[in-house]
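In what follows, a structure is listed as structure tokens, so that the remarks can point back to it.
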Amino acid sequence: MIEILQQIVNGVAIGGVYVLIALGLTTVFGILGIAHFAHGSVSMFGGYLTFFMVTAWGFPLLLAILIALIVGFLLGMLIELLAYRPVRNANHINAFIVALGLTMMVEGLNLQFFGHEQVVIPTNLARVFDIGGVTIPELRLYVIIAAALLIIAMTLFVEKTKTGQAIRAVAENRDAAILMGVNVKTIPLVVFAISTALGVCAGVMVGSLFAIAPGIGEWLVVKGFAVLILGGLGSIPGAIVGGLVLGVTEALAAGFISSAYKDVIAFVVMIAVLLLRPQGLMGKA
Amino acid sequence: MLKIEDLKVGYGSIEVIHGINLEVRTGECVALIGANGAGKSSTLKAICGLVPVKSGKVTFEGRDITNLSGHAVVQAGITMCPEGRQVFPQMSTIKNLRMGAYTRRDAEQEADLDRMMDMFPILRDRAHQAAGTLSGGEQEMLAIARALMARPKLCIFDEPSLGLAPKIVAEVAATIARIKDMGKTILLVEQNSLMALRLADRAYLFEAGEIVLSGTGEELQSHPEVVKAYLGH
Ligand SMILES: Nc1ncnc2c1ncn2[C@@H]1O[C@H](COP(=O)(O)OP(=O)(O)OP(=O)(O)O)[C@@H](O)[C@H]1O
Ligand SMILES: [Mg+2]
């Protein structure tokens with residue numbers, strides 16, 4: 001029993017990272033209908049940047065994260081403006097190719113700036129908590145708390161603010177949103193800014209919990225899309241539930257079956273869910 | 001209040017509105033009638049910034065609003081209740097209504113929300129239901145109420161009676177009459193020509209992208225061509 005709880009806690013930590021990635025992917029998909037493949041690599045750029053500020057410039061970790069977040073915010077807007085906006089009214093295949101090209105470009109930039117060695121963001125959080133037999137390293141606990149706060153903040157933003165509701169409105173009916181007075185040119189900017197900032201948070205979490213290396217961004221974006229399909233395309237609750245389900249399933253598979261097969265098992269679970277609910281866990285039929 | 005001069009609208013290279021002139025004065029209810037495909041919706045969409053104007057001029061309260069972005073048209077005080085209702089299907093009724101007030105920053109939005117639900121009691125019953133699950137008639141009431149939530153100076157309705165049972169059509173007509181009594185200026189497009197002409201102070205008849213006839217509601221109701229082609233008796 002303790003062992004199961006232990007694996008669930010581990011799974012929630014990585015699941016939280018998946019949720020942060022998937023939230024960005026799902027809101028972008030919702031309003032623009034595009035698969036933003038570069039999201040993982042851009043998120044890892046945020047992780048690398050944080051690592052660099054801490055190790056090369058000696059910035060305190062929290063300050064480095066804050067700066068990386070702001071950079072992510074601006075970078076997101078830039079991506080929307082320069083990469084996706086020009087193909088907004090073109091065939092969907094164009095946006096698809098832009099997304100692939102952008103992924104390669106950002107991966108290349110990461111390699112140029114930060115090299116091919118794997119890096120770990122130093123946190124100096126070495127304590128380990130023991131809660132009723134379940135051990136939680138300090139860092140993992142903070143990651144879970146931070147992810148939870150970000151997810152709650154994002155949900156409140158979407159549900160309780162006018163801008164958040166406008167994002168939903170554009171996703172549900174673009175023309176009707178215009179008739180409500182929504183500026184459909186600025187909404188994608190907001191969405192990319194927030195999504196990328198959330199992605200940077202995920203990148204920092206991956207970089208401090210595990211490591212950042214070339215290819216990790218692609219691994220993460222594949223997981224993110226798996227979550228989207230699992231939870232329901234374009235659905236925010238779906239991204240939250242789907243991310244946690246995927247994270248916990250992987251952790252349980254790794255803990256009780258084999259860590260080599262955890263990805264296989266996770267995808268089997270995903271396929272099983274889709275056989276029962278083709279629209280995803282939270283998707284509308 | 002609204003003035004359209006020599007308006008031409010097209011999709012791609014195909015022109016569908018070939019230079020029309022019309023006017024809506026403050027406090028008036030003006031109807032546009034005509035057969036399917038005559039270009040009524042295209043005219044409304046051009047006013048609201050949903051499709052580009054090819055040439056001509058749209059003036060609202062003395063201000064040139066030709067080819068203004070859609071959101072800026074709403075800020076200027078024009079709200080459209082579109083053809084086919086176009087509610088946000090997964091949002092609740094109440095959230096749809098709040099979206100109607102998107103451009104407002106004043107403190108009376110919640111009071112207006114209450115007023116709308118007094119005006120349309122069915123919306124209060126369905127407040128937390130997803131709008132996509134409402135019946136057609138309920139969705140129409142929601143779309144009308146949502147448009148009013150913006151407190152527009154000019155309210156445009158595109159075929160509010162489309163696909164509704166006769167009893168509900170009468171209800172929609174009564175609602176529009178009430179909105180008119182509230183002092184709103186109305187531009188109404190209707191397939192149900194009789195209903196439109198009864199509500200309207202003035203009306204324009206569209207045929208193939210041109211205005212072929214105009215006059216008061218009564219005049220058009222008794223005009224032989226209108227009677228023959230659109231009122232069917
Ligand atoms: N998105 C579009 N692309 C190309 N042509 C269009 C488009 N929308 C409308 N049209 C064409 O423009 C013309 C006018 O259509 P419009 O919808 O304005 O007519 P309407 O008078 O509103 O008709 P209805 O009473 O059936 O709603 C039609 O010939 C139609 O085929
Ligand atoms: Mg029409």
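Residue numbers begin at 1 in each chain, while the letters A, B, ... track the order of the sequences. In what follows, every heavy atom counts, from backbone to side chain, and hydrogens, waters and symmetry copies are set aside.
Chain B forms the most heavy-atom pairs under 4.5 Å with one residue out of Ile178(A), Val184(A), Val182(A), and that residue is Val182(A). Of all the listed residues (Arg146(B), Arg98(B), Gln75(B)), the one sharing the greatest number of non-hydrogen pairs under 4.5 Å with chain A is Arg146(B).
The contact list for residues 42-50 of chain B toward chain A, using heavy atoms and a distance under 4.5 Å, reads Cys48(B), Leu50(B) by residue number. Contacts between residues 60-74 of chain B and chain A, defined by a heavy-atom separation under 4.5 Å, are made by Gly70(B), His71(B), Val74(B). Residues of residues 144-162 of chain A lying within less than 4.5 angstrom of chain B, judged on heavy atoms, are Glu159(A), Lys162(A) in numerical order. At a heavy-atom separation below 4.5 angstrom, chain A is approached by Pro82(B), Gln86(B), Val87(B), Phe88(B), Pro89(B), Gln90(B), Met91(B) within residues 81-93 of chain B.
Put simply, CD1 on Ile78(B) and CG on Leu179(A) are 11.0 Å apart, with the number rounded to the nearest 0.5 Å. Expressed to the nearest 0.5 Å, how far CG of Asn173(A) lies from CG of Asn96(B) amounts to 9.5 Å. Taking CE of Met180(A) as the reference point, atom OG1 of Thr103(B) lies at 9.5 Å (rounded to 0.5 Å).
Surrounding CZ of Phe96(A) are at most 12 heavy atoms belonging to other residues, nucleotides or ligands under 6.0 Å away. Annotation for Lys54(B): atom NZ counts as buried by contact number, over 12 foreign heavy atoms lying within 6.0 Å. Within 6.0 Å of CZ in Arg178(B) there are 12 or fewer heavy atoms belonging to other residues, nucleotides or ligands.
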